[in-house]
Structure formats: C-alpha cells, structure tokens
Amino acid sequence: AEPIRVLQVFPPKVENLAVFGVKHHRILCHIEQWDSEDPVPRSELLKKVAGIQGLYCLLTEKIDAEVLDAAGPSLKVVSTMSVGYDHISLQELKKRGIRLGYTPDVLTEAVAELTVALLLATSRRLLEAAEKAKTGGWGTWKPLWMCGHGLTDSTVGILGLGRIGVAVATRLKPFGVKRFLYTDMSARPEVATSIPADFVTMDELARLSDFIVVCCALTPETQGICSKSLFSQMKDTAIFVNTSRGGVVNQDDLYQALVNGQIAAAGLDVTEPEPLPIDHPLFKLKNCGECVLKAAPQRDVLCVCSAICPCCLHVLLLQASRGLTFLRIQQDLTKTSS
Ligand SMILES: O=C(O)[C@H](O)CO
C-alpha cells in the first residue's frame, strides 16, 4: 500500500520511512520533518500540509480552519506533542471528522515539581534574596528581612484538580499544609478524598487560600478566569502561582494586584505572550517587591526604601487605612512627590 504521508513539524531525526505497528497491522508512513528547533513558519506549514494524512505538531502551531483547509480532505489525524491542546481548534477538527492525539501525563511530575519550586521560590523570596546577595544589598541580619511566607499550617487552593493539581498537592502535603481546597468545573471526590481536598467555589478559594496554584487547562471557560474579581478577594499575604497557561490569567489585573499589594507575590511559569517582551511591566515589579516588605506574622509593614515609590506608598496608605502599624519608615511620607 502507499505509505501514509505524515508531516512532523520538529526534529528529532527519525527514519524518513517508518513502520508503525498498530496492534497487528503494520502501517508504512512517509514522514516529512521540519528539521529545526525553531517553530515552522506559518507560511511553510500552510504549504507543507497540503495532501498529508497525519500532522504531528507542537503547541507552537495554531491548528485552525486555515491549516486544516490547506491540508485538505486527506487529513485524518492531528497529534500534538503536548499535554495542552488549546492551540488546536477542536470545533474545526470535529467538523472535518479529524481525530486528535495528545500526550497527557508525560510531564505531570515535571510540572508538579516546577509548581512547588515556583511556590517556594516566590513565597521565600529566593530570587530577590539572591539578587541582594549578589549586588551588596545583604546588610546586617534583620529578623524579618526576606522572611516570606510559610507553608506550615497554611491553606493551599488548587484551581483545577486534574493530574497535575493532584501531583502538586501530594508534593506539598509533607510541608505541613493544614488544608487543601480546590475548585473545578464540578467536585471530583474520586481524586480529592485521597489528598484530602475540599471542593469550594472560586470566591471561597480566593478568600480562604494562602497560596493559589493554577493547574487547569486553558479552555473557553477558563480563559481569563484569574482576574480582578479573584485577586481582589485574595488575602494580601497570598501567593499566586500559575503553571498552566498564561491565557487563564488577566495579566493587567494581576499586575495591578501586585502593584497595589492586593496579593503578596506571583510565581509565573506561563505568560501571554511567551516570552513576555523584556520591557513588560510585570518584569519591572522586582523592585517594587523589594521595596515593600510585609512582615507576615504581625501583618505590619516594614518599608526599607530609600525613596518611597508610588506603589510602595499606595501599600503603606492601604495598610494604614486598615489600622496597621508601621514598624519603621525611613523617609518622611510628606516628602514624596506623590
Ligand atoms: O502542554 C504541554 O505539554 C506543556 O505546557 C509544554 O510545556
């Protein structure tokens, strides 16, 4: 029989002609590869898909009506080497009767580890502290300096209790987390009981969690789900970690929440776009994070800036309006331009 024509848009090199054993059938495939680590340019993809029967893609390729039309009616299967398939239009595949393959579970452990790493690095201010050490900012020892927030006796909220969410909870448990909460499309007792984790609404998750970790898939329902309404209900000592997809978060709202001190910090593995432009405001938040230090147990504010920046001033005033005490203010508030 004629070999099946498959386009694989990435290396590694495999034999150009491969035999796939599907149960007892042997299927001969002619595989054309895009031999580069860089994504195939859209114009090339549109040319190369013409007449193929199988497409093996990555999350860098947006598989929509345009690509499927360019492939034509011969295309029977699209497979993506990724866990997420938000880059593929399911509706367009369905219309054309094209099957979808993806790679669930190949990176559950890796993403769970990364989530824990980001959570600890963010809550314990690892990057800021390392930066201070390298640039001479590590002065005499101060009890609360770079103290951060602990996991012991904390409440961790998981947005999306799928494979990765469960794996994150399993890894965080030994840190002495008091309570796990989760929210999802519906309760998932079959996986939640073993943690154990309590099913709550999104609002409860926001209000009760000391840490929120986002592990859900990007779907039309979850697009921008982490927005002002979530951040504004979160504790001002809470840490937000996202290792799912950037599109789940309204980045402008997150930025505002961080600048205004509505939440303590964010650890992001994913952004919109990726990578973020290097002049993106989120990248500028490091200084802001450094100049406002929250002393967690007393919930007082220790301001160590040599000049009070507007975002720091905002947090100070916010805290003052809540009747909290300032431990030390190095500069007279009245002298700031704001
Ligand atoms: O969806 C996936 O496979 C991951 O996000 C890749 O990093």
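All ligand and atom numbering here is 1-based and tracks the order in the structure. Index from 1, following the sequence.
Looking at heavy atoms from C-beta onward, Ile88 lies in side-chain contact with Leu100 at the 4.5 angstrom threshold.
Linking ILVMFWY residues whenever their side-chain heavy atoms come closer than 4.5 Å, directly or via other members, places Val177 and Phe211 in the same cluster. The hydrophobic clustering, which links ILVMFWY residues whose side-chain heavy atoms are closer than 4.5 Å, places Leu218 and Leu268 together.
Ranking protein heavy atoms by distance to atom 4 (C) of ligand 1, first place goes to Leu107 CD2, 3.7 Å. Looking at atom 3 (O) of ligand 1, its nearest protein heavy atom turns out to be Val83 N, 2.6 Å. When hydrogens are left out, the protein atom nearest atom 5 (O) of ligand 1 is Arg245 NH1, 2.8 Å; that is the closest non-hydrogen contact.
When heavy-atom distances to ligand 1 are checked against a 4.0 Å cut-off, Leu59 comes that close only through its side chain, counted from C-beta outward.
Atom CZ of Phe231 has more than 12 neighbouring heavy atoms from other residues, nucleotides or ligands inside a 6.0 Å radius.
Between Arg5 and Gln53, the side chains place no donor N or O within less than 3.5 Å of an acceptor N or O (distance only, hydrogens not considered).
Each of the following atoms of ligand 1 lies closer than 4.0 Å to a heavy atom of Gly84: 1 (O), 2 (C).
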